[in-house]
**Student:** 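Here you go, one structure.
When a ligand or atom number is given, it counts from 1 through the structure's own listing order.
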Amino acid sequence: MQWITSLIAFAGLVGSAVASPIASPEKRTSSFRVKQVQRGAKIRSGAVEMERVFAKFTTAVPSNIRVAAAAAVSGSATTTPERFDSEFLTPVMVGGTTLMLNIDTGSSDLWVFSNQLPASESTGHSVYTVNAAKKLVGDTFSVSFGDGSSASGNVFADTVVVGGVTATRQAVEAATSVSASFTQDTNVDGLMGLAFSPLNTVQPQQQRTFFDNVKSTLDTALFAADLISGGPGEYDFGFIDTAKFTGTLDFSPVDNSLGLWEFTTSGYAIGTTRHATAINGIADTGTTLLLLPSAIVTAYYAQVKGIQNSTQFGGFIFPCNAILPTFSLIIDSKLHTVPSDFLNFAPVDAANTNCFGGIQSAAGLPFSIFGGIFLKSQYAVFDMSQATPRIGFGQQTNT
Ligand SMILES: *[C@@H]1O[C@H](CO)[C@@H](O)[C@H](O)[C@H]1NC(C)=O
């Protein structure tokens with residue numbers, strides 16, 4: 001099956017573009033962490049979220065794999081949060097310029113706004129300055145979306161630093177053209193995909209992800225996403241921070257045959273009522289919502305007064321003051337719970353009368369998507385340190 005591709009989960013979410021500096025030059029251990037920034041000058045509509053997620057997972061996958069060299073060091077970076085939870089942005093130094101990138105576990109390209117773009121397409125963004133001597137001659141990339149948005153360009157091998165950790169010959173996909181929706185989303189200067197390298201779209205020579213390039217130098221070949229609702233979170237690379245979750249981490253084996261962090265739960269719970277139906281899905285930091293099989297969505301909203309499946313708004317909405325049950329995935333027989341308040345994504349009208357649900361249907365997608373609504377309740381460990389990749393979840397301390 002050729003589903004996947006790289007795509008930006010986010011084009012379009014956010015509003016202002018201040019690049020926070022990557023701070024720490026200190027080098028300590030071979031693990032590092034990065035603070036993400038949560039920005040969002042506006043609430044993106046639920047329908048737009050839905051459109052983007054479908055667009056993201058319906059493009060073809062290229063096939064070759066290529067090895068690139070890298071060397072990692074260690075450090076940490078701190079950034080500042082903004083208001084909404086639609087997306088999480090992390091400062092990444094690309095060829096000496098700090099860009100705000102969306103770290104996306106649902107794609108495998110690192111592509112950025114560059115100085116090759118006309119001003120009409122790049123105004124308001126920080127851009128990567130290309131250097132002809134670093135060009136990977138002949139390599140190109142092109143990503144496109146179901147909603148008509150797209151980006152394309154050429155490719156350079158350059159230094160990429162995340163929280164003080166360096167990949168010295170990272171494939172940086174430098175845009176020469178981006179469509180209007182990317183241009184308008186001035187908080188986002190590009191994307192860093194941390195799914196598996198076989199999904200990378202560079203042709204003819206496929207390229208490796210940043211994590212693949214640095215993982216052998218880390219204490220442990222894993223990274224963890226600690227997305228926090230309404231505040232700064234962190235990506236930890238090379239280590240597990242046990243202070244960030246309660247109880248144990250519960251692991252599932254990952255099926256990466258589609259290049260994604262795909263796994264199967266042993267069930268789910270609505271409130272405290274458990275159901276043994278397994279859910280197959282992907283952990284995707286680049287998707288905002290929690291997309292589940294229709295039967296489960298229907299069962300969940302049967303508990304919500306005033307629920308409507310709205311054609312106008314493109315999904316389930318309910319009165320903003322509705323009482324919502326919690327929703328849990330059951331992993332290794334333990335509940336991993338999304339609190340009620342996360343399940344109210346955003347108002348659909350200025351008067352705050354109706355709100356768009358954080359849970360929506362995955363009908364038409366090849367799998368469920370455990371996006372930000374779920375992930376921001378968890379400490380999520382993406383582990384490539386073993387023969388079979390695995391993913392672990394611990395309930396966040398603050399949820
Ligand atoms: C919601 O309504 C749409 C049509 O607007 C329909 O295609 C979809 O199946 C409905 N979803 C559920 C879960 O009933």
**Student:** With a heavy-atom distance limit of 4.0 Å, tell me whether T298 approaches ligand 1 through its side chain, its backbone, both, or neither.
**Tutor:**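 It is the side chain that touches ligand 1; the backbone stays farther off.
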
**Student:** Is the ring centre of Y128 less than 6.0 Å from the ring centre of W111?
**Tutor:**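 Y128 vs W111: aromatic centres not under 6.0 Å.
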
**Student:** Please identify which atoms of ligand 1 are closer than 4.0 Å to at least one heavy atom of F316.
**Tutor:**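 Within the 4.0 Å cut-off of F316, ligand 1 contributes 12 (C), 13 (C).
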
**Student:** Looking only at protein heavy atoms, which one is nearest to atom 3 (C) of ligand 1, and how far off is it?
**Tutor:**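 Minimum-distance protein heavy atom for atom 3 (C) of ligand 1 reads N309 ND2, 3.6 Å.
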
**Student:** Check the orientation of F356 and F345. Use parallel for under 30°, tilted for 30 to 60°, and perpendicular for over 60°.
**Tutor:**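 Aromatic pair F356/F345 classed perpendicular.
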
**Student:** Are more than 12 heavy atoms, taken from residues, nucleotides or ligands other than K334, located less than 6.0 Å from that residue's NZ atom?
**Tutor:**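 Yes, NZ of K334 has more than 12 neighbouring heavy atoms, counting only those of other groups under 6.0 Å.
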
**Student:** Quick one: nearest non-hydrogen protein atom to atom 5 (O) of ligand 1, plus distance?
**Tutor:**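 Going atom by atom, the protein heavy atom closest to atom 5 (O) of ligand 1 ends up being T311 OG1, 3.4 Å.
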
**Student:** Please confirm whether K376 makes a cation-pi placement over F342, using NZ or CZ under 6.0 Å from the six-membered ring centre and within 45° of the ring normal.
**Tutor:**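 Yes, K376 sits over the ring of F342.
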
**Student:** Does the plane of the ring in F223 sit parallel, tilted or perpendicular to the ring in F237? Use 30° and 60° as the thresholds.
**Tutor:**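 F223 and F237: parallel rings.
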
**Student:** Heavy-atom distance from atom 7 (O) of ligand 1 to the protein below 4.0 Å?
**Tutor:**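 Given the 4.0 Å limit, the answer for atom 7 (O) of ligand 1 is no, no protein heavy atom qualifies.
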
